[in-house]
Trainee: 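There's a structure below that I have some questions on.
Residue numbers begin at 1 in each chain, while the letters A, B, ... track the order of the sequences.
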2 protein chains.
Amino acid sequence: MATKVLPQPERDEIRVEAVLQALGEPVRLTIVRALADNPAGVCCGEIELPVTASTRAHHLKTLREAGVLSTHTDGTRRISMLRREDLEALYPGLLTGILSAKQ
Amino acid sequence: MATKVLPQPERDEIRVEAVLQALGEPVRLTIVRALADNPAGVCCGEIELPVTASTRAHHLKTLREAGVLSTHTDGTRRISMLRREDLEALYPGLLTGILSAKQ
DNA sequence: TCAGTAGTTCGATCGTCATCGTACTACGAT
DNA sequence: ATCGTAGTACGATGACGATCGAACTACTGA
């Protein structure tokens, strides 16, 4: 096994500016929507995005460091999932508000 | 009198990416918090901000064009207020979630 | 052990945007 | 009229960040 969780901020270290800035980018918003549709977590590479793998990694890192998502390893794969509980506790309604946008 | 409302997007023209990007900037978030504390509207210049007047005007324009706030003239002054109803209708919970951040 | 796959890291590039100072407009008061 | 005040518009600058390719790491399976 030896799954490992990648470094991320504790709940009380999450700053709303960082969260909003992370969410205010179209590619990252696409990622967040995909994660919201799959509460069990999604393998990074499975999300269809109009960018290369390195850019994808960059966005995932940004979202993780902002506290929006959590990533753990699973073999060579990395599974990401939304930090729903933490975000809901810190900013109740924010996530559902964003996700209810009819885009 | 002759108060005039500055150009702004209709409710159905507001895009969530633009809103989040607008909110993901510390100075603009400060403005939004100040407006939230004064539902009757605030004169732009009354908000204490660590930037010059031209930068302030730039941020207010960004927020207005994103659909976050509405501005109308009042003599030489311009009164801004949050578009609470529109934002709540489009993204229910988003605004309250953001404002509940203990910053 | 070796090849293949998933993903990251690094450095470079390029575009966007936050910031400022200056010049301008608009309105009110004297 | 003209002066002062509130605010905008414009052009320049500098910083940040989105993007890419290439090199690298880590794990799996043959």
Side-chain angles (χ1 to χ4, degrees), chain A residues 1-8 15 17-35 38 41-81, chain B residues 1-8 15 17-35 38 41-81:
Chain A
M1 280 289 92
T3 71
K4 202 190 302 187
V5 176
L6 300 194
Q8 62 180 34
R15 297 164 301 125
E17 295 88 353
V19 171
L20 291 171
Q21 194 171 338
L23 295 174
E25 209 283 333
V27 173
R28 289 197 288 260
L29 197 53
T30 303
I31 294 173
V32 169
R33 289 200 179 103
L35 295 186
N38 297 274
V42 171
C43 173
C44 316
E46 285 168 7
I47 308 173
E48 198 160 343
L49 295 173
V51 295
T52 64
S54 60
T55 302
R56 177 191 310 254
H58 163 67
H59 286 310
L60 285 165
K61 186 180 183 183
T62 301
L63 287 166
R64 179 160 39 85
E65 291 180 344
V68 176
L69 58 79
S70 172
T71 305
H72 68 269
T73 60
D74 173 29
T76 75
R77 309 200 150 191
R78 307 215 166 175
I79 308 297
S80 297
M81 53 186 70
Chain B
M1 281 286 96
T3 72
K4 201 192 301 189
V5 176
L6 300 195
Q8 63 180 34
R15 296 165 299 123
E17 294 89 352
V19 172
L20 291 171
Q21 196 170 338
L23 296 174
E25 208 283 331
V27 174
R28 289 196 287 262
L29 197 53
T30 302
I31 295 173
V32 169
R33 289 200 178 103
L35 296 186
N38 297 276
V42 171
C43 174
C44 316
E46 286 168 6
I47 308 173
E48 196 161 345
L49 294 174
V51 294
T52 64
S54 61
T55 302
R56 179 192 308 259
H58 163 68
H59 285 309
L60 285 164
K61 186 179 182 185
T62 301
L63 286 166
R64 178 160 40 82
E65 291 179 345
V68 175
L69 57 81
S70 171
T71 305
H72 68 270
T73 61
D74 172 30
T76 76
R77 309 201 151 194
R78 308 214 165 175
I79 308 296
S80 297
M81 54 185 70

Trainee: Between A:L23 and B:L20, what is the shortest heavy-atom contact and its length?
Mentor: O-CD1, 3.7 Å
Trainee: Drop me the distance from B:I79's CD1 to B:L6's CG, to the nearest 0.5 angstrom.
Mentor: 11.0 Å
Trainee: Within less than 4.0 Å of OP1 or OP2 of D:dC20, is there a side-chain N or O belonging to A:T52?
Mentor: yes
Trainee: Could you check whether any side-chain heavy atom of B:Q21 comes within less than 4.5 Å of a side-chain heavy atom of B:R15, counting everything from C-beta outward?
Mentor: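 Not touching, per the 4.5 Å side-chain cut-off.
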Trainee: For nucleotides 4-18 of chain D, give me one character per nucleotide, 5' to 3': B if any protein heavy atom sits under 4.0 Å from the base, S if the only such contacts are to the sugar-phosphate, - if neither.
Mentor: --SSSB-------SS
Trainee: Roughly how far, to the nearest 0.5 Å, is the CZ atom of B:R33 from the CD1 atom of B:I47?
Mentor: 12.5 Å
Trainee: How long is the span from the OG1 atom in B:T30 to the CD atom in B:E25, to the nearest 0.5 Å?
Mentor: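 If we round to the nearest 0.5 Å, B:T30:OG1 and B:E25:CD are 8.0 Å apart.
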Trainee: Would you kindly give the CD1-to-C1' distance between A:I47 and C:dG7, to the nearest whole Å?
Mentor: 13 Å
Trainee: Side chains of A:V68 and A:V19, heavy atoms from C-beta outward: is any pair under 4.5 Å?
Mentor: yes
Trainee: Check nucleotides 12-15 of chain C against the protein and report each pair of N or O atoms closer than 3.5 Å, with its distance, or say if there are none.
Mentor:
none

Trainee: Nearest-Å distance, NZ (B:K4) to P (C:dT25)?
Mentor: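 Computing the B:K4:NZ to C:dT25:P distance gives 15 Å.
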Trainee: Are A:H58 and A:T62 side-chain neighbours, meaning at least one heavy-atom pair lies under 4.5 Å?
Mentor: yes
Trainee: Can you tell me the distance, in whole Å, between the CG atom of A:D74 and the C1' atom of C:dT8?
Mentor: 17 Å
Trainee: Taking side-chain hydrogen bond (donor to acceptor under 3.5 Å, both in side chains) as the test, write out the residues that go with A:S70, two or more places apart.
Mentor: A:Q8
